[in-house]
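Predicted model only: the values in this text are computed from it and were never measured. Quick note: numbers below take in every heavy atom, side chains included, and nothing from hydrogens, waters or symmetry partners.
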Amino acid sequence: MNSKCPNIELNDGHFIPVLGFGTAVPEEFPKSKIKELIKTAIDVGFRHFDSASVYKTEDYVGEVIQSKIADGTVRREDIFLTSKVWCNCLRPELVRSSLEQSLKKFQVDYVNLYLMHFPTALKPGENDFPVDEHGKLIFDTVDLCATWEALEKCKDAGLAKSIGVSNFNRRQLEMILKKPGLKHKPVCNEVECHPYLNQMKLLEFCKSNDIVLVAYGVLGTQRYTGWVDPSSPVLLDEPVLHFMAKKYNQTPALIALRYQIQRGIVALSSTLKEKRVKENIQALEFQLSPEDMKVLDGLNRNLRYVTAQMFEGHPNFPFSDEY
């Protein structure tokens, strides 16, 4: 089946599919199972896959994509592949080798999009989460503008078609945009975004600078151990989403996905169930009325599921600012 997923043009002339498939899975989820989900995703029409070195799923994503290329289901150019440089590799001299490791795992020559995963640098080394003897993360001090220049070099070398950021606030985005000698603007900022955290102000700022907002956690996130408070309210239990699901004959998840797409946001759906993978692609098949979009806007309560508390106290911690 060919993908019918519409694209959004990025500020560098490349295109990104408006609906993507997120490949972060909880630690306890068997990584081999992610392969089944990705196979299903490609079969139902997903072409945009969002990964990262810290997810530890790049080799599985690559394996499935290579098998689907080999059997003629897709070509490499049909697939939009994202990866991210993790916090322990934000020193400029480490960026390219980190990307090259990701390319090796994916078994590809380039990624479509390469992002700085978080603006909070950690001590370089083998450990993704280096800690001191008290179990506290060991922070690093890095000039993010210098890291950005290293990403620009990756783009110029053809290793990444487009480059962007993730979990940056407005101030941090502005710092990159105002960097003397900026060669390539970030094409996107990937952030948590859903009806309980609609990122209205950040979205307006990004749009005014021709930066696409890419949304993760659009369905309220999996309950990732250590990242998400298990007692936080469940987005998909929201009565308004259930009411609209009945009205449009869809699921609450599809309403949440469709909400983002109609705002001009790229939505990354993430699920651990094959049935849901098949359902989520249907977010492309219906429209919400302008009135219902306004009702959904009204659900905002600035609730962040992924609080990234372990980075609090870092000089570049992004979530202390209003947006």
In plain terms, say whether [X] and [Y] are close enough for a salt bridge, that is, a side-chain N and a carboxylate O under 4.0 Å apart.
X    : Y    : result
D210 : K185 : no
E174 : R170 : yes
D128 : K56  : yes
R276 : E279 : yes

### Message
For residues 114-126, which residue pairs pass the side chain to side chain donor-acceptor pair (under 3.5 Å) check, not counting sequence neighbours?
### Response
S98-Y114

### Message
Quiz question: by atom type and distance under 3.5 Å, do the side chains of E58 and S51 form a donor-acceptor pair?
### Response
no

### Task
Apply side-chain contact (heavy atoms from CB on, under 4.5 Å) to P290 and list each qualifying residue two or more places apart in sequence or on a separate chain.
none

Pairwise side-chain contact, [X] with [Y], heavy-atom cut-off 4.5 Å (strictly under):
X    : Y    : value
Y248 : S289 : yes
W148 : I163 : yes
H314 : F118 : no

#### Entry: Geometric class of the F319/F317 ring pair [parallel <30°, tilted 30-60°, perpendicular >60°]
perpendicular

Under the salt bridge (Lys or Arg N to Asp or Glu O under 4.0 Å) definition, can you give me all pairs with a residue in [range], not counting sequence neighbours?
range            : result
residues 285-296 : K247-D292
residues 150-161 : D12-K155, D156-K183
residues 306-323 : R171-D321, K201-E322

### Query
Between R76 and Y110, is there a donor-acceptor pair closer than 3.5 Å when you use the side chain of the first and the backbone of the second?
yes

### Message
Going by the rule side chain to side chain donor-acceptor pair (under 3.5 Å), which residues pair with Q260 if we only count those two or more places apart in sequence or in a different chain?
### Response
R263

